[in-house]
> 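Here you go, one structure.
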Amino acid sequence: MQGGTSVRLYGLEWPKESARISRVFDLLVAAILFLAVSGAFHLHYMLTAGDWDMWIDWKDRQWWVTLTPIMAITFPAALQYVFWTKFRLPIAATFAVVCLLFGQWINRYFGFHLWSYFPMSEVIPALLIPGALVLDIALLLTGNFLFTAMSGAFAFALLFYPTNWFWLAPYRLPVEVMGQLVSVGDYISYAFTRTALPEYIRLIERGTLRTFGGHSAIIASFFSAFVSILMYLAWWHIGMLLARVVTTPNTLKNFMGLTDKDEPAEAAQKAIDGTSLQGRSVAAE
Amino acid sequence: MRTFCFHESSCVRVVLSAAAAIMQIGILTFVPDAALAHGERNQEPFLRMRTAHFYDVKWSTNEIPVNGEIVVTGKFRLFPIWPVNLPLPEAAFLGNGTPGPVLARTESYINGVPAIQSTKLELNRDYEFKTVLKGRVPGYHHVHPMINVMGAGPLLGPGNWLTVTGNESDFKLSIKTLSGETIDNLETWGLGRVFFWHGLWVAIAIVWLVWWLRRPLLLPRFRALTEKGGDRSQLVTSTDRLFGAGLLVATILTVFFGFQATDTAYPRTVPLQGSRATVEPLPEVPEQVKVVVNKSNYDVPGRSLRMNVTLTNNGSSSAQLGEFLTSNQRFINHEVSQAMATVDPNYPKELLPPNGLKVSDSRPLKPGETKTVDIEAADAAWETERLSSLINDPDNTLGGLLFYYDEHGKRTISNVSGPMVPVFTDPDNRTAENPKGGAG
Ligand SMILES: [Cu+2]
């Protein structure tokens, strides 16, 4: 025991200075990761569930409910692999969807509202946080990705519609416009027009699910939940692949006369000789 | 005052949004493309000459205050020689081409049928439209009536500059719901619940994240997992599990009761409406004057379209050729007073080529008469509107409408279409710089 100069963290001894630097490192990584995940997840999400999430008149009870959880469970699953297996942190899903929501609100407020004049009521993003919390806690409590898939991923999709109904319901009140019945959401998007995104592009409960009457949201949720299990498993493995650190020797560095500090100059010269024989023979006068 | 138009400022917007995109690279948020979506001059000529031809377009006024109304009315015909590479208008939607929702659309109709839903349209038929727009964002805006056709994109009608004056914050679009609620302004309706619910869940998420982030995070945890002597039970403690389990139950209960409470608060809701409207075209009017294009040339240096056409009047009244309309450019025969009388003073000048239409024989065709005439539509618009790029098109066919008037001012319309042969040089030494010709 060195008294005041070291601390124990999770059973291991750390010099105080190292522990302090490691904490700074934590905060730096957290900040960088926050921006990186916001960007990458947002991009992925825009490209897959984009318009459904973007517009108040796209959030139907079938396609929106089915697609959003399936596309949104991707990054949480991949990050859960890394966060849990490398650090035992059950916060990946929550972290990912908070990042996503941050990116979305920035995008909707500055890009759509201020820059392109859309009212905020037309461009509200969906909320995924309750499902993500359940997904994280499922991993914490089971400690197993298969059980997490079957319980957490399932709940992630099932919770989606009820979570969002809380704020969405006012946009599904009936109004009469030009003698026709539409919802408030339909009318908002009709009034605040999108030049490049006409009405017919929307997919509003197309398909056989509609024959189930008013229950299409429930059926879509269950369907989405089953697919989400598969998506979760697939993306957990994608996370596994991406977590493998792959490095290649940097020969270019040697060509430029740069060597690692601890690398003897001779070894560096050898590296050059070994890798640039052809170059030398061509260059020989 | 903000002044934006697609064709005037699309470049500026592209550059600005590229800059914005670079600034946002860290969070990679998108600048929406609605405002950059098109510039009418960038649309291929075949799209503008052989799809929707808008005519009789009128704007009730050119200037309104915020909350004031502009009524845009007019007709359009879907050209029968529809480009082969475009899908037929199985689903079409009456839009308005604006730089973002600077005007709010409160009503729109095609042949009297509400156009809030899309509809199927028929080729070689005419439709009447009406759109009511309400001023929202002050500025000087270029606004077009427009038909979106599934698979073919936006087909733009004539654009006009509209001025909106006043204060954006005064804008209001109110409506009363069928279930009894009064919506004061649709722009802000429901946002209270949105902010509350989003804020609540973000707060809960932050509690969960901070619960874990407050302890030494990355390297200490990684070492504890991988090195001998690391104490894994400290990584995830039983307190953590208990807190997690509690939060799990609280989350599920909150969602469940939130859902129940919402259903109680809003017992009467309807799903999004996604049906198709049925619109009958205007009654078919037989084509009174049959047009046969014998030859058509586009004179590149002279910037003029010349056609040799044989016209046959199959009707019972006379017919005098008054106007050639293509790509929203109205070439009007100045010798025909009825045609000149159709020009609304509000009509945008840039869509009325000053030289109009030159017809070698402008005398009315008598009933039953057949006559071959040369017509010429010469204007810099062919270049500035980039219509001459038809030369580069694999389907080098032009299209437009010809308007005829009888002695009582009654109008009939014929389609005109034919291959366009470019003339790159001519004996008068004319060039694009020197269209008058002469020794150069
Ligand atoms: Cu324009």
Side-chain angles (χ1 to χ4, degrees), chain A residues 9-12 22 26 35 38-39 42-43 46 57 60-61 86-89 91 94 98 103 106-107 111-112 116-117 119-121 124 127 129-130 133-134 137 140 159 162-163 165-167 169-175 178 180 182-183 186 188 190-196 198-200 204, chain B residues 26-29 31-32 34-35 37 91 93 95 97 100-101 104-105 107 114 116 118 137 148 150 173 175 177-179 186-187 189-190 193-194 197 201 205 208-209 212 216-224 229-231 234-236 244 248 251 255 258-259 262 266 269-274:
Chain A
L9 300 175
Y10 308 117
L12 291 174
S22 147
D26 285 350
L35 292 178
S38 290
H42 190 209
L43 180 66
M46 288 295 96
D57 65 330
D60 73 334
R61 297 178 302 184
K86 306 293 182 201
F87 307 104
R88 277 294 178 280
L89 280 172
I91 55 170
T94 309
V98 167
I106 295 274
N107 169 242
F112 282 79
S116 301
Y117 318 131
M120 281 313 293
S121 60
I124 302 152
L127 197 55
I129 290 173
L133 283 169
V134 170
I137 298 170
L140 168 72
L159 286 175
T163 297
W165 184 243
F166 183 93
W167 66 263
Y171 300 102
R172 294 296 174 263
L173 292 173
V175 285
M178 296 178 281
Q180 306 221 321
V182 291
S183 71
D186 286 308
I188 287 177
Y190 171 79
F192 306 105
T193 51
R194 302 177 295 243
T195 300
E199 190 278 332
Y200 52 73
I204 305 301
Chain B
I27 40 175
L28 251 176
T29 52
V31 170
F93 185 66
R105 168 174 54 192
E107 289 171 56
I116 193 164
S118 304
V137 178
N148 292 88
M150 195 191 273
L173 186 56
I175 196 167
T177 69
L178 293 173
S179 43
L186 282 169
E187 283 186 315
W189 169 248
R193 282 178 88 87
V194 171
W197 199 238
W201 283 112
W208 178 243
L209 292 175
W212 295 91
L217 202 61
L218 298 170
L219 289 177
R221 296 185 75 95
F222 182 74
R223 278 188 62 196
D231 183 2
Q234 285 185 39
L235 290 177
V236 176
L248 177 75
T251 298
V255 170
F259 184 68
T262 309
Y266 300 99
T269 57
V270 287
L272 291 174
Q273 299 299 301

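Note on naming: letters A, B, ... go to the chains in the order of the sequence lines (proteins, then strands), and numbering restarts at 1 for each one.
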> Is chain B contacted by the side chain of A:I124, its backbone, both, or neither, given a heavy-atom distance below 4.5 Å?
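Side chain only.
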
> At a heavy-atom separation under 4.5 Å, does A:E199 approach chain B through its side chain, its backbone, both, or neither?
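Both backbone and side chain.
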
> Could you give me the CA-CA distance, side-chain angles and deciding distance for B:R223 and A:Y10, then say whether side chain to side chain contact (heavy atoms under 4.5 Å, CB included) is met?
CA-CA 9 Å; B:R223 278 188 62 196; A:Y10 308 117; over 6 Å; no

> Between the main-chain N or O of A:R88 and the side-chain N or O of B:R221, is there a donor-acceptor pair closer than 3.5 Å?
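Yes: the side chain of B:R221 pairs with the backbone of A:R88.
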
> Run the side chain to side chain contact (heavy atoms under 4.5 Å, CB included) test on B:W189 and A:L173 for me, step by step, so that the C-alpha distance in whole Å, both residues' side-chain angles and the decisive distance to 0.1 Å come before the verdict.
CA-CA 11 Å; B:W189 169 248; A:L173 292 173; 3.7 Å; yes

> Look at B:V236, B:L209, B:L173 and state which one has the largest set of heavy-atom pairs under 4.5 Å with chain A.
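Result: the option with the highest number of such pairs is B:L209.
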
> Indicate yes or no for a side-chain donor-acceptor contact from A:Y117 to the backbone of B:V137 under 3.5 Å, with no hydrogens or angles considered.
no

> Let's test your reading of the structure: which of B:T177, B:D231, B:V255, B:L218 forms the most heavy-atom pairs below 4.5 Å with chain A?
B:L218

> What I'd like to find out is whether the side chain of A:T94 reaches to under 4.5 Å of the side chain of B:W212, using heavy atoms alone.
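A side-chain contact is absent here, since even the closest heavy-atom pair is not under 4.5 Å.
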
> Any side-chain heavy atom of B:L272 within less than 4.5 Å of one from A:R172?
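Yes, their side chains come closer than 4.5 Å.
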
> With side chain to side chain contact (heavy atoms under 4.5 Å, CB included) as the test, would you mind laying out the steps for A:V134 and B:L248 before giving the verdict?
CA-CA 6 Å; A:V134 170; B:L248 177 75; 3.7 Å; yes

> Please confirm whether the backbone N or O of B:L186 pairs with a side-chain atom of A:S121, one donor and one acceptor, at under 3.5 Å?
yes

> Which one of A:V182, A:L127, A:L9, A:L159 has the most heavy-atom pairs closer than 4.5 Å to chain B?
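Top option by heavy-atom pairs under 4.5 Å: A:L127.
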
> Any side-chain heavy atom of B:L217 within less than 4.5 Å of one from A:L89?
yes

> Using a cut-off of under 4.5 Å on heavy-atom pairs, state which of B:G244, B:A224, B:P220 scores highest against chain A.
B:P220

> Highest number of heavy-atom pairs under 4.5 Å with chain A: which of B:W208, B:Y266, B:W197, B:F222?
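So the answer, after comparing B:W208, B:Y266, B:W197, B:F222, is B:W197.
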
> Sort B:S179 into side chain, backbone, both or neither according to what part of it lies under 4.5 angstrom from a heavy atom of chain A.
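For B:S179, heavy atoms of backbone and side chain both lie under 4.5 Å from chain A.
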
> Between the main-chain N or O of A:P119 and the side-chain N or O of B:E187, is there a donor-acceptor pair closer than 3.5 Å?
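Answer holds: no.
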
